[in-house]
There are 2 protein chains.
Amino acid sequence: MTTPGHPRGTASPSAASGAANAYAASCPTRMVLDTIADKWAALILGLLMKGPRRFNQLRREVEGLSQKVLSQTLKGLERDGLVTRTAFPTVPVTVEYALTPLGRTLARVVDGLRIWAETHIADVLEAQSLYDVRVGKGAAVGAKK
Amino acid sequence: MTTPGHPRGTASPSAASGAANAYAASCPTRMVLDTIADKWAALILGLLMKGPRRFNQLRREVEGLSQKVLSQTLKGLERDGLVTRTAFPTVPVTVEYALTPLGRTLARVVDGLRIWAETHIADVLEAQSLYDVRVGKGAAVGAKK
DNA sequence: TTTATAAGTTTCCGATGGAAACCTACATAT
DNA sequence: ATATGTAGGTTTCCATCGGAAACTTATAAA
């Protein structure tokens with residue numbers, strides 16, 4: 001969808017000009033894009049689509065995700081109103097993260113990234129091989145002067 | 001993206017079986033996700049959907065994007081087979097970047113991120129305000145529990 | 001007493017991002 | 001003959017970020 005106009009309508013963004021435009025440096029969408037166009041956020045939201053998850057459960061399901069980054073990422077998502085954090089006063093405290101309705105609308109989109117990657121990984125790997133041969137050839141050493 | 005010296009010829013454990021899984025640390029989809037789940041890549045691909053662009057044209061259209069990061073991002077996209085780089089031997093050399101067919105399939109997905117952000121920015125900003133009040137209250141001063 | 005679980009935070013350090021200067025090459029203006 | 005401008009980058013400096021691993025608080029089980 002090549003935005004013919006701009007997503008006006010739903011209440012003008014309180015900040016700058018009135019029409020959100022991610023290509024403008026001052027538009028607040030920029031900061032949001034920074035939060036959501038993120039590998040870990042995409043994987044986390046993808047899991048939460050299937051149901052609420054606890055902290056360490058996410059850590060185990062998303063291999064390679066460190067505690068620090070998981071913590072930071074969840075805080076960002078919570079701040080943006082995309083996930084809720086609910087602590088239950090159980091024995092060792094249990095904390096559950098779940099999508100908000102808003103988060104659900106985003107999760108569908110970002111999960112598309114994961115799906116695209118899983119679907120087209122073979123094409124990408126092949127392109128990388130070709131590129132590495134092409135480039136590794138001419139630029140390997142100190143760039144002929 | 002991808003530490004230098006990182007294993008790159010890694011055999012794809014699932015490429016043949018067709019079961020790529022982005023939640024597995026060793027799956028090559030991980031590295032691809034790192035490239036495509038990126039704010040700048042999303043904005044660039046979004047522009048290229050509308051037609052080929054030249055280097056400085058992209059720099060002007062994506063406000064706040066530095067030359068270095070634009071250069072790096074385009075290289076990554078080119079390596080992944082998502083954009084082509086064509087240099088024309090004109091007076092000051094002209095370089096044109098365009099989507100490949102593969103890139104076009106991805107661009108549709110990542111542009112969804114921009115659209116989501118522009119559409120829901122008001123909701124997000126409101127959530128942020130509420131969160132900042134809620135949290136800033138308990139943590140501002142030395143109430144360090 | 002030691003070990004384990006849950007949910008984080010802290011620390012250390014290398015990798016990354018952004019700002020700005022610099023580079024090559026040609027063209028037009030002064 | 002400089003000087004400035006355009007095009008497409010690369011390099012440098014510095015601050016922040018990400019990942020690995022240790023540490024924290026609290027409770028239960030071995």
Side-chain angles (χ1 to χ4, degrees), chain A residues 25-26 30-31 33-35 37-44 52-79 83-98 135 138-139 142-145, chain B residues 1-8 25-26 30-31 33-35 37-44 52-79 83-98 135 138-139 142-145:
Chain A
S26 62
R30 251 324 154 67
M31 297 191 303
L33 252 190
D34 229 357
T35 301
D38 173 73
K39 177 179 56 175
W40 300 124
L43 293 172
I44 291 168
R53 292 284 192 283
R54 303 208 319 255
F55 188 87
N56 281 316
Q57 194 179 358
L58 286 170
R59 209 161 74 77
R60 280 188 295 264
E61 292 189 284
V62 184
E63 291 180 19
L65 173 55
S66 74
Q67 291 182 319
K68 189 182 78 169
V69 174
L70 173 56
S71 175
Q72 290 174 344
T73 303
L74 287 171
K75 269 183 188 161
L77 295 175
E78 189 193 355
R79 188 169 106 97
V83 309
T84 56
R85 176 188 183 281
T86 312
F88 298 97
T90 53
V91 172
V93 61
T94 296
V95 179
E96 191 175 270
Y97 291 92
V135 172
K144 47 156 70 269
K145 195 272 178 83
Chain B
M1 46 201 75
T2 339
T3 321
H6 199 277
R8 84 147 47 111
S26 62
R30 249 328 152 67
M31 298 191 302
L33 253 190
D34 227 359
T35 301
D38 173 73
K39 178 179 57 176
W40 301 124
L43 292 173
I44 291 168
R53 292 284 191 285
R54 302 208 319 251
F55 188 88
N56 281 316
Q57 194 179 357
L58 286 170
R59 211 161 74 78
R60 281 187 294 265
E61 292 189 283
V62 184
E63 291 180 19
L65 173 54
S66 74
Q67 292 181 319
K68 189 183 78 169
V69 174
L70 174 55
S71 175
Q72 290 174 344
T73 303
L74 287 172
K75 269 183 189 161
L77 295 176
E78 190 193 355
R79 188 170 105 98
V83 310
T84 56
R85 177 186 183 280
T86 312
F88 298 97
T90 54
V91 172
V93 61
T94 296
V95 178
E96 192 175 87
Y97 292 90
V135 173
K144 198 246 172 117
K145 185 195 131 190

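A, B, ... follow the sequence lines: proteins, then strands. Residue 1 opens every chain. Nothing here was measured: the structure is a model prediction, and the numbers come from that model.
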Handout entry: Test item: B:Thr35 and B:Leu77 side chains (from C-beta on) under 4.5 Å apart, heavy atoms
Key =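 B:Thr35 vs B:Leu77: side chains touch.
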
Handout entry: Test item: A:Trp40 and A:Val62 side chains (from C-beta on) under 4.5 Å apart, heavy atoms
Key =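 Touching, per the 4.5 Å side-chain cut-off.
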
Problem - Heavy-atom donor-acceptor pair, A:Gln67 side-chain to D:dA22 base, under 3.5 Å - result: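 Looking at the base of D:dA22, it does pair with a donor or acceptor on the side chain of A:Gln67 (distance under 3.5 Å).
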
Could you tell me the separation between the [atom1] atom of [X] and the [atom2] atom of [N], rounded to a whole number of Å?
| X | N | atom1 | atom2 | result |
| --- | --- | --- | --- | --- |
| B:Arg85 | D:dG8 | CZ | C1' | 8 Å |
| B:Lys39 | C:dT16 | NZ | C1' | 13 Å |
| A:Arg59 | C:dT5 | CZ | P | 11 Å |
| A:Glu96 | C:dA7 | CD | P | 10 Å |
| A:Phe88 | D:dA26 | CZ | C1' | 19 Å |
| A:Asn56 | C:dT9 | CG | C1' | 14 Å |
| B:Arg60 | D:dT6 | CZ | P | 9 Å |

Handout entry: Of the listed nucleotides C:dA7, C:dA6, D:dG19, the one nearest the side chain of A:Pro92
Key =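 It is C:dA6.
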
Practice task
May I ask you to decide whether A:Arg53 forms a salt bridge with A:Glu96, counting only side-chain N to carboxylate O separations under 4.0 Å?
Solution key: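 No salt bridge links A:Arg53 with A:Glu96.
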
Practice task
Calculate, to the nearest 0.5 Å, the distance between atoms OG1 and CD1 belonging to B:Thr73 and B:Ile44 respectively.
Solution key: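 Output value for this atom pair is 5.0 Å.
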
